[in-house]
Every structure is written in structure tokens, then in C-alpha cells.
Amino acid sequence: MRITSVDVELIQVPARVPEFRWREGLPGSDGPTTGAWLVIRTDGGVTGFGFCHSGIILNDIVERRLRKELVGADPLAREFLWNRLWELDRIEYFPVYINGVVDVALWDIAGKAAGMPVHQLLGSFRDAIPAYASTVTFGGISEYLDVADQCLELGFRAIKLHAWGDVRADARLSRALREHVGDDIPLMYDGSAGFDLADAIYLGDALADAGYLWYEEPMRESSVTAYKRLGERVAVPLLVGEVAAGAHMNTADFIATGAATAVRTGWTLRGGITGSMRIAHLADSYLLRAEVHAGSLPNTHLCMAISNTTYYEALIYSNPVRRPDEVDANGLVHAIDRPGIGWEFDAELAARLGIHD
Ligand SMILES: [Mg+2]
């Protein structure tokens, strides 16, 4: 099988309503944007799709670099193409998500060619996984506790906080949430790189006292040494390696320093499904968990295929809380049984993309 064409179909992505509230002073989501579908057609009768929120950027890179790299190549030679794109990244400095968009489209082709969902092609480990409720930033402790009650009522059995980025306020919130939900609900905290080492230690101690399951990305991940020092000072388990450039490489360093008690994986920031599985297997060799970052269909396949992962991340960005469509009343996300990634398109988009089945 050979790739015959590589195209970008630009689409308008409406603004998130309500908007993703981030910590003080920072917007969490933008307005309407131009997204894109990457469309890789083959002479084997199957077409692969990958989605990108930054459509203009993807289009530029396809025009200048990716089309001539991919057309004529074997779409099933994913390891070869993954390494070629990593080599091109050294020349072009791709935005970190670009390689993942291509890799997901190639896995879509492979799954469709095999007549299997991608998780089955990877080797399915499970057919359902619990989702945790991953909050945006809400207004105050009482609102967070109200949101937590709604999440538990909707079936979630674990909650992760994105909070204000003020360590004392966030420590008070973390303790209040633990007291409110009791000891049996796993709780996590995501710092989204809001702190320096001193503040990260302060909050880490509070999270340890409150029995949090993990403490995620409290600092920018450019200094593995800073994480090593944090890991030496706090008892709460650290979940690291979410956004570091070249995460499929430097995850090994996070592990080697002893800083990581779990690592991040997931298609968007690690070169797609290929890079994510590489990280998952690396972590498994050290008896570490590889937790999948963010939702989406490609990440659902990863959640079903990675043995050493425990949750699906479901973003909760509204109050009243709305349960995401992919999460059932028991807080579970189920395996996709459609071939490939299993993308679903409305009729208008399907016509534009040339999808007839
Ligand atoms: Mg995170």
C-alpha cells in the first residue's frame, strides 16, 4: 500500500461554551478557531484522518514539508515514518502536536486496513476504564465542593483539581475537598506548571497530608533536576513529563532521576500513538504507571491498550456539571468498536472529506 495524497481540510471550530477557565489572569480557551483534518489517502482503498486544532499551522507544514515526505511512502511503515518526522522536526522545529496528527492518521489507515479498532491492533488490555473528573478553575472552595458533589452524583469516582495557582489557597482547597469527599475517593492535583520549587514543595506537603493520588506538573518541565529535588522533598507521588518537548526522549530522564512515580503519555504531545506506546512500555519496565493526558478518541484507544494506565481524563468545565458523552453513568469510558480511530463526521463534513460509507 502507498500513500497517494496528503491534504488538509480546514474547518471552523466554535468557541468552547462556557470557556475553559484557567488560573487567575490567564485565558484557558480561545474563541472560534480554524482547525483542520489531515487527510491521507492511499491506493489500498482506505483513507486516514488526524485532527489538529491549529489548522493554519498544519496546512503550512503539509505544504512545505509533509506532503513530499509522505506521498509514495508505505502508510503501514509507521516506525519508519515516525523516525523520519522526528528527523524533520530537528530541521523545522515542528509544533509539538504535529507528529502526533500524522501518526494518528497512519494508525487510522492501519486499523481500517485490518478491519480492527486501533486498540485491538495495539493489543487490547481492557474494554472499559474509569474516567476522572478533571476540573477547570472554579470560583471558590464552596463552588468546587458543589462541583465535586455533582461529579460524584454523575458517576465519577475520582476527581482532579486544576485550581488557582496560589499555593496557600490551593492547599486549603485540597484539604477541604479531601474532608468533603472522604478517604475513599481518589483525588489528584494538576499544577499546570504554575510554581517554582519552593512553592511546589509547600503544596506537595499539603497534598501528601491529604492523601492525594498524584501531584501533576507543578513546575515547568524544562529542569529534570528541579523535579528530582522536589521528589526528594515531598511524599506525594509525582506525575511528570506532560508537556516537555521531546517527551518520548526525556521521560527516560525523569524516570532515571527517581522523580517520577508515574509519567504522562497520550497522543497530542508525544508523537501520536506510536510515541505514547513507547513511553507506556518504558514506564512499565520500571513498574511505573503511564497515565493518558486528556480525552479524545485516539486517547481512548490508548487507555484500552496500555496495561499500566488507570484512568481516562474527562474535562469538567461547566457548572452545572455536564457529563461528557463518552462517560457512562458509572463513570466508565468504553472501547470503540469501529475500525481505525473510529472518527465520526456529520453529513456535511463527510461529503467534503469524500467519505461515502
Ligand atoms: Mg495536566
Side-chain angles (χ1 to χ4, degrees), residues 23 129-137 144 148 151 156-165 167 170-171 173-178 181-195 197 199-221 224 226-244 247 250-251 254-255 257-266 269-270 276 279-280 282-284 286-295 299 302-303 306-316 331 333:
R23 58 178 175 258
I129 193 166
Y132 65 85
S134 181
T135 74
V136 296
T137 303
Y144 273 102
C151 290
F156 288 102
R157 282 293 167 268
I159 298 169
K160 187 179 85 175
L161 293 171
H162 292 90
W164 304 297
V167 284
D170 288 10
L173 168 63
S174 301
R175 284 191 288 267
L177 181 61
R178 170 56 73 210
V181 301
D183 290 338
D184 293 336
I185 299 296
L187 297 176
M188 308 82 140
Y189 177 93
D190 188 341
S192 301
F195 310 118
L197 181 58
D199 279 350
I201 290 170
Y202 177 92
L203 183 54
D205 286 342
L207 297 173
D209 288 343
Y212 272 55
L213 177 63
W214 78 56
Y215 185 19
E216 176 177 335
E217 199 204 349
M219 305 177 288
R220 293 301 293 257
E221 292 175 332
V224 176
Y227 272 92
K228 178 177 187 293
R229 291 178 178 160
L230 179 63
E232 290 164 352
R233 292 289 300 272
V234 300
V236 64
L238 298 181
L239 173 61
V240 299
E242 175 163 316
V243 295
N250 77 4
T251 296
F254 278 113
I255 293 173
T257 62
T261 45
V263 301
R264 266 307 198 199
T265 194
L269 304 178
R270 286 149 210 89
S276 295
I279 287 177
L282 168 70
D284 197 30
Y286 287 88
L287 302 180
L288 300 179
R289 294 175 187 172
E291 299 291 357
V292 175
H293 165 226
N299 280 342
L302 287 170
C303 283
I306 296 173
S307 61
N308 52 320
T309 200
T310 59
Y311 285 105
Y312 177 94
E313 181 169 16
L315 188 65
I316 300 300
V333 174

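Since we're looking at a predicted model, the values are computed, not measured.
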Please say which of Leu187, Leu207, Thr135 ends up in a side-chain contact (heavy atoms from CB on, under 4.5 Å) with Leu161. Thr135
Tell me if the centroids of the rings in Phe254 and Tyr227 come within less than 6.0 Å of each other. yes
Without swapping roles, check the side chain of Asn308 against the backbone of Leu288 for a donor-acceptor pair under 3.5 Å. yes
Which distance, rounded to the nearest 0.5 Å, do you find between the CE of Met219 and the CG of Asp199? 11.0 Å
Between the main-chain N or O of Glu242 and the side-chain N or O of Glu221, is there a donor-acceptor pair closer than 3.5 Å? yes
Hey, can you tell me if Phe195 and Tyr189 have their rings parallel, tilted or perpendicular (30° and 60° cut-offs)? parallel
Walk me through it: do Asp190 and Glu217 pass the test side-chain contact (heavy atoms from CB on, under 4.5 Å)? CA-CA 6 Å; Asp190 188 341; Glu217 199 204 349; 4.2 Å; yes
Distance in Å, Tyr311 OH paired with Ser134 OG, rounded so as to fall on 0.5 Å steps: 12.5 Å
Test Thr137 against Trp164 for side-chain contact (heavy atoms from CB on, under 4.5 Å), laying out the working first. CA-CA 6 Å; Thr137 303; Trp164 304 297; 3.4 Å; yes
Stepwise side-chain contact (heavy atoms from CB on, under 4.5 Å) test for Ile316 and Cys151: CA-CA 9 Å; Ile316 300 300; Cys151 290; 4.1 Å; yes
Is a side-chain donor or acceptor of Glu291 paired with a backbone partner of Thr310 at a separation under 3.5 angstrom? yes
Measure across Pro186 and Leu213 and return the closest heavy-atom pair with its distance rounded to 0.1 Å. CB-CD2, 4.2 Å
Would you check if the side chain of Thr309 reaches a backbone N or O of Ala290 as a donor-acceptor pair within less than 3.5 Å? yes
Give a yes or no on whether the backbone of Leu238 and the side-chain of Thr261 come within a donor-acceptor separation of less than 3.5 Å. yes
Is there a donor-acceptor pair closer than 3.5 Å between any side-chain N or O of Ser192 and the backbone N or O of Gly194? no
Determine, step by step, whether His293 and Thr265 satisfy the side-chain contact (heavy atoms from CB on, under 4.5 Å) criterion, reporting the C-alpha distance in whole Å, the side-chain angles of both residues, the deciding distance to 0.1 Å, and the verdict. CA-CA 6 Å; His293 165 226; Thr265 194; over 6 Å; no
Do other residues, nucleotides or ligands put more than 12 heavy atoms under 6.0 Å from Arg178 CZ? yes
Do the side chain of Arg270 and the main chain of Ile279 share a donor and acceptor less than 3.5 angstrom apart? no
Once you round to the nearest 0.5 Å, how far does CG of Asp170 lie from NE2 of His162? 11.5 Å
If you measure from the Lys or Arg side-chain nitrogens to the Asp or Glu carboxylate oxygens, is any gap between Lys160 and Glu313 under 4.0 Å? yes
Between the side chain of Tyr212 and the main-chain N/O of Ser174, is any donor-acceptor distance below 3.5 Å? yes
